[in-house]
Amino acid sequence: MSLPLLLPAALCWPFLSMAVLAACPQASARSAAVGLSAIGLGLAVLAACAGGGWAGTPFMTPPGVLCVLLPLPLLTLCLSCVLSPAGAVGQRGGGALTHGLAGGATVATACADPLSGAVAIGGVAVLAALAIATTRGAARTGWDLFRLDLSGILLAVPGAMLPIAAPEGAGRLDGLGGVLLSVGLGTVAGLGPAAPVVLAAGDYAMPAALAPVMASVPVLRHLGGQAQWDTMMLGIATIWLVVLPMRAASASRRERLALGMLVGLAAVAAGAGGRAGQVGAVALLVSVALLGPLAGTSASGGMAARWLRAALALRPPFLPFGGLVLTVLAVCDAAPLLVGPLLLGLVPGCARTGFVADGPGDVASAARDRPAWLAVALLLAGMVVLTVVAVTGGAGR
Amino acid sequence: MMLSLLLGLLIFLSVILSGRRGWPLLWHGGLVAAALLAAAHDAAAPLLPCLAAVVVMAAILPLAWGLARLEDAPPSAGERAVCMGGGLGLTVLAVIAVPQGMADESARLGLIAALAVILCGVLAAAVRRSVVGQCAGLACALDGLMLLAGLSGRGAMLAGAVVLLGATMLVAFVCLRRLAWGRVAE
């Protein structure tokens, strides 16, 4: 296969595997999903390494360090396929939908311009909302999520179009477009006031539970780059909104909220901009992609589960801690006044995430042990890479 | 001249009626379709605006028919005040934000109208407590997106708006009849 075909193959593969899974017999659905998602992940990693674009389309490998974001939705998909129990009811339909979600998120990440990115993210968001809306007994939650996502897309698409529509009228029009884009895409990714609705929807089936992770990767890819106050404020508001209900939440719910805290921190890093902000946002999104399928399932015993909770609580020596350090550096550079509110939200959040009473391990946790160890190893390896990059000067300003 | 009149009427209708019961969807959709057809009459490439007008009517007619069959709680005085006051504020913001130095004055008015319609619709969808009012607000905002796509001649955006309209109709069919139609159990 020549290199120019790698990106088209990586972008099309999840949709092909979605079709294959839909036609696959129930008995072999899990093994087929694991194999297909692993191939898709491999293709996406190769495409990210090779770089370049798809001629005649708006798809291109993200530039610089952001290219790491391309395979992240497929990494989450692969982990979730490995973790899903064999023979579960509705596994074929849910698995096919999750492949579609991951494919949509990868396509949205590969979009070079914010307008096509916003349209693609809209597809992902609507698909996730549809998954909940069609779940029995979840009409209200599904409708609320759909309303929220559609409102976000309806703000983001004109926001992305405004600077193109009147390039000579920069200034005010650009400003309005930027605010609409940030608020709209932030709403879709569950940032700011949308955080409680999106996190509540995550309590439902697997495709919906992974939707915040899948949506946040392309959204922060398009919002990152330059210093943007609105994105930083959305991130800080998200951290506050998810930390406040942590005290009364159960252990699994607290882990989901901690995941929302990581997404909020990644938004702060993306909004702070600069090299440190970009690298910090990438490090946090890699952590979110690795921890997303495992969050909420690691409350029961085991050394790996304990280490995963430490990573979620932003403790060293794991990758999220590196992301936190880089984010604080970037915020100190872009908007020093925001460091106070940021740390004021993070400190109780980290303390509450870390405090979980250990319960006895169960059979299901034993089945999850290998992927959990893999995630821990990847988080440690990511921290080593981040340290090497920082020492050699790559993550400097 | 006709296009300017229709766009002005559309802005007025979006602001004034966003807090009213049920939203006169047919009037709103009809005005958007008429504005798109008027723009197609003046445009060099009339295909996209005509297509957008047809899609708007094809989506709004069944949606208005379906929403009329559901229970709709009337908006409270607070909801009405927030919708109309907020809509007026957002329209003024759109007028301020779109600069006067744009090449074509009708293009400026079209951009302002589309922004005002979208923002008023999203505001109504956020403020209204009745799911029928929320769905009507979203449908009006989608009308605004179709107007923007038709006036700017962007096929990809039009395709995206059509997909979003289809998804709205599907979700409305699945969810709203459970939430607002007492005879169907959730």
Side-chain angles (χ1 to χ4, degrees), chain A residues 57-58 111 113 115-116 118-123 125-127 129-162 164-177 179-180 183-184 187 193-194, chain B residues 93-94 96-104 107-108 110-111 114-115 117-119 121-126 128 131 134-135 137-145 147-149 151-152 154 156-157 159-161 163-168 170-180 184-186:
Chain A
T57 65
C111 286
D113 60 306
L115 182 57
S116 46
V119 173
I121 290 165
V126 166
L127 202 62
L130 271 173
I132 301 181
T134 50
T135 306
R136 191 165 181 79
R140 183 80 227 187
T141 313
W143 171 251
D144 281 344
L145 189 67
F146 179 78
R147 184 165 60 100
L148 193 77
D149 286 345
L150 189 56
S151 300
I153 294 306
L154 282 168
L155 293 178
V157 171
M161 210 209 91
L162 281 183
I164 306 168
E168 73 273 15
R172 281 179 307 194
L173 204 57
D174 269 352
L176 179 70
V179 169
L180 287 178
V183 172
T187 304
Chain B
L93 184 73
I96 293 171
V98 181
Q100 283 192 331
M102 286 182 70
D104 188 0
R108 177 175 181 257
L111 194 54
L115 278 177
V117 172
I118 291 172
L119 293 175
V122 169
L123 181 71
R128 292 289 303 272
V131 287
Q134 291 169 359
C135 186
L138 286 178
C140 290
L142 281 167
D143 281 352
L145 194 62
L147 184 68
L148 191 61
L151 292 181
S152 62
R154 291 184 179 276
M157 192 195 275
V163 171
L164 289 178
L165 261 174
T168 306
L170 181 64
V171 173
F173 177 76
V174 172
C175 289
L176 295 193
R177 68 194 181 97
R178 295 179 185 172
L179 296 172
V184 181
E186 188 179 339

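Each chain gets a letter, A, B and so on, in the order its sequence line appears, and its residues count up from 1.
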K.L.:
Check whether the side chains of B/Gln134 and A/Arg147 place a donor and an acceptor atom closer than 3.5 Å, and report yes or no.
P.N.:
yes

K.L.:
Are the side chains of A/Leu180 and B/Leu115 in contact, using a 4.5 Å heavy-atom criterion?
P.N.:
yes

K.L.:
Look at B/Ala172, B/Gly160, B/Ala167 and state which one has the largest set of heavy-atom pairs under 4.5 Å with chain A.
P.N.:
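It is B/Ala167.
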
K.L.:
Please assess B/Leu164 against A/Leu150 for the test side-chain contact (heavy atoms from CB on, under 4.5 Å), listing each intermediate value before the final yes or no.
P.N.:
CA-CA 8 Å; B/Leu164 289 178; A/Leu150 189 56; 3.8 Å; yes

K.L.:
For A/Leu148, is it the side chain, the backbone, both, or neither that has a heavy atom closer than 4.5 Å to a heavy atom of chain B?
P.N.:
neither

K.L.:
Once side chain to side chain contact (heavy atoms under 4.5 Å, CB included) is applied, do any residues pair with B/Ala126, and if so which ones, sequence neighbours excluded?
P.N.:
none

K.L.:
What part of A/Ile153 lies closer than 4.5 angstrom to a heavy atom of chain B: side chain, backbone, both or neither?
P.N.:
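Contact with chain B involves the side chain of A/Ile153 alone.
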
K.L.:
Considering residues at least two apart in sequence or located in another chain, which fulfil the side chain to side chain contact (heavy atoms under 4.5 Å, CB included) criterion with B/Val122?
P.N.:
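Counting only residues at least two positions away or on another chain, B/Val122 forms a side chain to side chain contact (heavy atoms under 4.5 Å, CB included) with A/Ser151, A/Leu154, A/Leu155, B/Ile118, B/Ala141.
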
K.L.:
Check whether B/Leu145 gets within reach of chain A through its side chain, its backbone, both or neither, counting any heavy atom under 4.5 Å.
P.N.:
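Interface part for B/Leu145: side chain.
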
K.L.:
Most heavy-atom pairs under 4.5 angstrom with chain A, which of B/Leu119, B/Thr168, B/Val163?
P.N.:
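Highest number of pairs under 4.5 Å: B/Thr168.
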
K.L.:
Tell me, for B/Leu142 versus chain A, whether the close heavy atoms (under 4.5 Å) come from the side chain, the backbone, both or neither.
P.N.:
both

